[in-house]
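For reference, the structure is listed below as structure tokens.
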Amino acid sequence: MTGTLPRGIGRRSLLAGVAALGAGALGATAGCSRVDISGATDGGHLLDDLRSKGTVRMGIASEPPYASINSKGELTGEAPAVAKTIFQRLGVRHFEPVPVEFGALVPGLHSFQYDVIVAGMFINKARCQAVLFSDPDYESKDSFLVAKGNPHKIKDYPDVAKRGLRMGTGIGYAEIDYAVGNGVHKGDIQTYGDQIAGMEALEAGRIDCFAGTALTMIEALKTGQHPKVEMTPPFTPKVDGKLQRDGGGYGFRIGETKLRDAFNRELHKMKKSGELLRIAKPYGFTEEFMTDLTAKELCKK
């Protein structure tokens, strides 16, 4: 796995969710042509086509530990590892990664650049208007990067609010809303391009903590370049007393229900047997990231 984190907006991002469903996904693509997202009928025929061709094209965005191309040019990450296993069991043996920017994943799916989004993409109501999602294979947790020893004893967003601390996070990240929803003043929130920039700001004393997804924090700390920074235990945020549960899955074109349902059946078998956790564990996923959430539940959010 590469230790390099993406610059800019990640999968938790509110802005990326909107951008992915903007003019590119729901209307125009390059050249201003119209894209029909009404989808296949009769459950679609993509699964049969993929079996016939023997190859599935996977749209990925470089964001470890979810999916990336490593320094050797190899496809790696939790999402490709899980998807490869499932597609092999569905009779598709070969895999072709198609790397794109995160915000281009949904438009690329609709313009047939690839057959499935394999990027750990968060499932939400807006995206579900344009993408047919599998059930999630992981549930996200939040965490904070803090100075070694956690001098402010930060465990969650109310701690940041009560102590009037300065918080950093990513540009457009959902963590902004979680913090504000718990009483953190917007003026006390600084945004940075990625976790590496956040750690640098933390070490320089410009912020007291950096909020983001626990899995990206784990990945950021693997670089070993910031020994004065540590990570708080993962937690599920609350806003107005309600847990903010999020999960990521695999995206198919609207109408391809035969493929999505076959994919889900294999995914559920892997969850039940514990195989999913065994495949995901080398990428930093532990049992606390496994989930019983469904796409149906998350599409209502």
Side-chain angles (χ1 to χ4, degrees), residues 1-16 61-68 70-71 76-78 101-102 120 122 140-237 244 246 282-286 288-289:
M1 273 177 61
T2 175
T4 303
L5 290 170
R7 311 301 290 190
I9 299 169
R11 71 192 11 73
R12 289 292 299 255
S13 170
L14 302 177
L15 299 181
S62 183
E63 187 173 355
Y66 305 99
S68 64
N70 66 19
S71 58
T76 186
E78 181 267 350
E101 293 293 329
F102 188 82
F122 266 33
S140 184
K141 306 282 184 178
D142 274 13
S143 182
F144 293 100
L145 293 174
V146 295
K148 206 78 171 176
N150 193 7
H152 299 290
K153 309 301 178 190
I154 302 167
K155 300 186 301 296
D156 52 24
Y157 294 105
D159 291 338
V160 179
K162 284 184 293 187
R163 291 159 196 166
L165 302 176
R166 300 161 300 165
M167 188 188 96
T169 191
I171 300 167
Y173 277 20
E175 281 75 8
I176 296 171
D177 272 5
Y178 296 159
V180 172
N182 279 281
V184 179
H185 295 294
K186 284 188 177 181
D188 288 332
I189 301 173
Q190 300 294 320
T191 56
Y192 298 90
D194 56 24
Q195 290 80 10
I196 303 300
M199 287 193 283
E200 291 168 356
L202 187 60
E203 288 179 326
R206 295 192 294 271
I207 55 175
D208 301 302
C209 61
F210 183 93
T213 61
L215 286 163
T216 54
M217 303 300 198
I218 292 168
E219 190 67 26
L221 289 171
K222 283 182 181 179
T223 65
Q225 296 175 4
H226 299 274
K228 296 180 181 179
V229 175
E230 67 181 31
M231 174 184 146
T232 65
F235 67 97
T236 300
Q244 304 298 301
D246 291 305
Y283 303 99
F285 293 71
T286 57
E288 65 189 321
F289 296 106

side-chain contact (heavy atoms from CB on, under 4.5 Å) partners of Ala201, counting only residues at least two apart: Tyr192, Arg206, Ile207
Counting distance only, does the side-chain N/O of Thr169 pair as donor-acceptor with the main-chain N or O of Ala211 below 3.5 Å? yes
Please examine the side chains of Asp188 and Val160, heavy atoms only from C-beta on, and report whether any two atoms are closer than 4.5 Å. no
Approximate separation, where rounding is to 0.5 Å, of Asp194 CG and Ile171 CD1: 9.0 Å
Smallest separation among heavy atoms of Gly170 and Ile176, with atom names: O-CD1, 4.0 Å
Treating Ser143 as the side-chain partner and Thr232 as the backbone partner, does any N or O pair qualify as donor plus acceptor under 3.5 Å? yes
Where is the tightest heavy-atom contact between Ile218 and Gly284, given as atom of each residue plus distance? CD1-O, 4.0 Å
Kindly give the heavy-atom pair with the smallest separation between Glu175 and Gly212, and that separation in Å. OE2-C, 3.5 Å
Is the shortest heavy-atom distance from the side chain of Leu221 to the side chain of Met199 under 4.5 Å? yes
Nearest heavy atoms of Phe122 and Asp246, plus distance in Å: CE2-CB, 3.2 Å
Straight-line distance of Thr223 OG1 to Gln195 CD, nearest 0.5 Å: 10.5 Å
With rounding to the nearest 0.5 angstrom, report the OH to OG1 distance, Tyr173 to Thr213. 6.5 Å
Determine, stepwise, if the pair Tyr66 / Thr216 fulfils side-chain contact (heavy atoms from CB on, under 4.5 Å). CA-CA 9 Å; Tyr66 305 99; Thr216 54; 4.0 Å; yes
Between Asp159 and His152, does a side-chain contact (heavy atoms from CB on, under 4.5 Å) hold up when you go through it step by step? CA-CA 9 Å; Asp159 291 338; His152 299 290; over 6 Å; no
Any side-chain heavy-atom pair of Tyr178 and Val184 under 4.5 Å: no
Just so I know, are the side chains of Phe289 and Lys141 near enough to count as touching, which here means a heavy-atom distance under 4.5 Å? yes
How about Phe235 and Tyr157: are their ring centroids closer than 6.0 Å? yes
Give the minimum heavy-atom separation between Ile154 and Cys209, together with the two atoms involved. CD1-CB, 3.7 Å
Over all heavy atoms of both residues, which pair between Pro227 and Lys148 is shortest? Give the atoms and the distance, please. O-CD, 3.5 Å
Could you tell me if the side chain of Lys153 sits less than 4.5 Å from the side chain of Arg163, heavy atoms only? yes
Heavy-atom donor-acceptor pair, Asp177 side chain to Val180 backbone, under 3.5 Å: no
Are Lys228 and Leu202 packed together at the side-chain level, in the sense that at least one heavy-atom pair is separated by less than 4.5 angstrom? no
Side-chain (Glu230) to main-chain (Gly149) donor-acceptor, under 3.5 angstrom: yes
